[in-house]
Amino acid sequence: MSMIFYTVATTGVASEQFDNEVVIINVQTGSYYNITEPSAVAIWNLLRSPVSVPQIVQSIVAQFETTPDTATPVIERFIHQLLTELLIVSTASSDTVVAVSIVEKKPFTDPVLQIFDDMQDLLILDPVHDVNAQKGWPYKQ
Amino acid sequence: MTTPRYFQLGDLSFELHFHGQIDTSFFCDAWAHLEKNTTSPKALKINIIDQKTSGMLLPKELIEWENIDPYSGDLLNFKEGFVANCNTFNQVFTWIDYTQHEATLWHADVTILPAYERSFPLRRFFYSWFKDSHYSLVHAGAVGYAEGGVLLAGKGGTGKSTTTMACLDSSLRYAGDDFVLISPQTPTAYSLYNVAKLEEKNLRLFPDLAPHVNNWDEVEVDKAQLFLWQFAPQKLIPSFPIKAIVLPKFTGQPDTIVRPASSKDAMQALMPSSILLLRTNTQQITKIANLVRQLPAYWLETGTDLAQIPRAIEKILTGIISHKR
């Protein structure tokens, strides 16, 4: 069975990191997000290049006080959430090498994605394009 | 064709040329504080066309397009050096020729534009014009002095307009309460529109402003529009250096309190609505982040004693400006 890799979506998704917090937006859906847990920030930064879940687990276990058995299901859940929000995409291949260095391990808390959808109305209330308009001006008649 | 109108926005001169029977005040009143009598040779020429009354049709080659981005209305795979945008809701087709310094906005019928467009005309056009420059439009208010001021950031309903209107009775001057132009490099705020917009319930907080409401017939369903150049032109300021980002939050308590905010808080208040209201591309997020990283941020927990609001902002500015002297 071939390995699945994941990476941050290149269309419509942007993020900026401030100290140890990341703000993310998906302009296509109008949702925006915070990640503040150190584990979640570490995973998001890994996803800037295509990585597999086992590679993420390996990196997280090296950085945080956790085990593969504990970390794997919560990381899978977090990845599933990022996929559901269209913030990451799956890809078939990767040449990413995840560097694992021995560091002083930090306490592990479950990665959390804080979701804000209170701006979605802006896209609905102030539309620029009527998706149902088949022959609206200046469409070809 | 009516006489062109000339304006100065930062270092950009622009001209509005009208074609057809158009109520020019609809497009010009919000810019009135930036109007000038002469133009410059390098001015950006913007043609506003009403197809219905001018008979000027969209050129055939601009009708020959296949794909549209439903998020922005931009036509995809168009010629390099140009932007074409189709707002099928308001029936406005925008064509920008960057090399010729000229743009044209064809309106199928200018009379169908929503009344609120009068308060911030051409905002999406100016986002497109500036998108690859160091300027960026942001959804924020701005008040201050020539030597420095603050951006007021937050999504709709957080109190940006109430805060800016509370500052009218102070020495702070007004650069905007909805959209302003910023240059993160310096960083500087430039006034775009001289229009204050207040919901009816907040308008009641400022009874002295009631005679200046421009659109009483719409106030039950839309925000009241007040054009400051008509009744308080001395309060308007075209630009100032930005010293801090202030995040208003109405508490309902009597007093106004200032608390430090994080860069993440400032980004979260400023970025999402700036991006989504203007339908910008994701590169604008980097510009906003560059601004946020350079500036201190504060929560402004606004109270019911409105006089305390400008005093709190003045105190923030005094602290920063005197600290840097």
Side-chain angles (χ1 to χ4, degrees), chain A residues 8-38 40-41 44 48 85-89 112-141, chain B residues 51 57-60 62-66 68-74 85-94 106-109 114 116-117 124 139 155-157 262-286 288-290 292-293 297:
Chain A
V8 173
T10 52
T11 307
V13 174
S15 66
E16 290 286 340
Q17 185 164 348
F18 298 90
D19 301 322
N20 295 314
E21 301 175 302
V22 178
V23 179
I24 309 166
I25 188 166
N26 183 336
V27 301
Q28 302 292 338
T29 63
S31 292
Y32 59 104
Y33 310 85
N34 272 348
I35 49 179
T36 55
E37 300 292 332
V41 174
W44 181 258
R48 294 181 189 280
E85 297 294 324
L86 308 174
L87 297 177
I88 61 171
V89 293
V112 174
L113 180 70
Q114 294 173 47
I115 304 172
F116 301 90
D117 57 10
D118 55 336
M119 296 279 169
Q120 288 181 343
D121 285 352
L122 295 181
L123 297 182
I124 298 164
L125 295 174
D126 188 19
V128 296
H129 178 57
D130 181 358
V131 290
N132 297 315
Q134 296 299 314
K135 290 187 175 180
W137 183 90
Y139 284 76
K140 287 174 277 188
Q141 299 295 309
Chain B
Q51 186 171 292
L57 302 175
L58 201 64
K60 188 169 175 289
L62 294 184
I63 303 177
E64 299 292 324
W65 50 271
E66 297 295 333
I68 186 169
D69 173 9
Y71 163 72
S72 65
D74 282 351
N85 179 285
C86 189
N87 182 325
T88 55
F89 247 86
N90 290 343
Q91 301 198 358
V92 183
F93 191 97
T94 303
W106 278 270
H107 297 74
D109 179 357
Y116 58 76
E117 291 287 335
R124 286 194 182 126
H139 179 229
K155 61 182 182 180
S262 69
S263 295
K264 185 267 290 176
D265 294 333
M267 186 69 176
Q268 200 164 302
L270 187 59
M271 184 271 285
S273 57
S274 296
I275 299 301
L276 297 172
L277 282 167
L278 294 165
R279 304 291 201 277
T280 79
N281 60 23
T282 51
Q283 283 81 47
Q284 304 308 305
I285 294 165
T286 307
I288 296 173
N290 288 344
V292 166
R293 287 195 177 94

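Note that the structure is a prediction, hence the values are computed from the model and not measured. Below, chains carry the letters A, B, ... as their sequence lines are ordered, and counting in each starts from 1.
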With sequence neighbours excluded, residues passing side chain to side chain donor-acceptor pair (under 3.5 Å) with B:Asp74: B:Asn85
Not counting sequence neighbours, which residues clear side chain to side chain donor-acceptor pair (under 3.5 Å) with B:Gln283? List them please. B:Asn281
Could you tell me the separation between the CD atom of A:Glu16 and the OG1 atom of B:Thr282, rounded to the nearest 0.5 Å? 10.0 Å
Which distance, rounded to the nearest 0.5 Å, do you find between the NZ of B:Lys155 and the OH of A:Tyr32? 5.0 Å
May I ask you to name which of A:Val27, A:Val22, A:Thr11 has the most heavy-atom pairs under 4.5 Å with chain B? A:Val27
Does any heavy atom of chain B fall under 4.5 Å from the side chain of A:Val13, the backbone, both, or neither of them? backbone
Which answer fits A:Asp118, side chain, backbone, both or neither, if we ask what part of it has an atom under 4.5 Å from a heavy atom of chain B? side chain
Check whether any side-chain heavy atom of B:Leu276 lies under 4.5 Å from a side-chain heavy atom of A:Ile25, and answer yes or no. yes
For side chain to side chain contact (heavy atoms under 4.5 Å, CB included), just list the numbers for A:Glu21 and B:Met267, CA-CA rounded to whole Å, side-chain angles, deciding distance to a tenth of an Å, and then say yes or no. CA-CA 11 Å; A:Glu21 301 175 302; B:Met267 186 69 176; over 6 Å; no
Choice from B:Ser72, B:Ser273, B:Pro272 maximising heavy atom contacts with chain A below 4.5 Å: B:Pro272
Here the pair of heavy atoms bringing B:Val292 nearest to A:Phe18 is CG1-CE2, 3.7 Å
Report the C-alpha distance between B:Lys264 and A:Asp19 in whole Å, list the side-chain angles of each, state the deciding distance to 0.1 Å, and finish with yes or no for side chain to side chain contact (heavy atoms under 4.5 Å, CB included). CA-CA 8 Å; B:Lys264 185 267 290 176; A:Asp19 301 322; over 6 Å; no
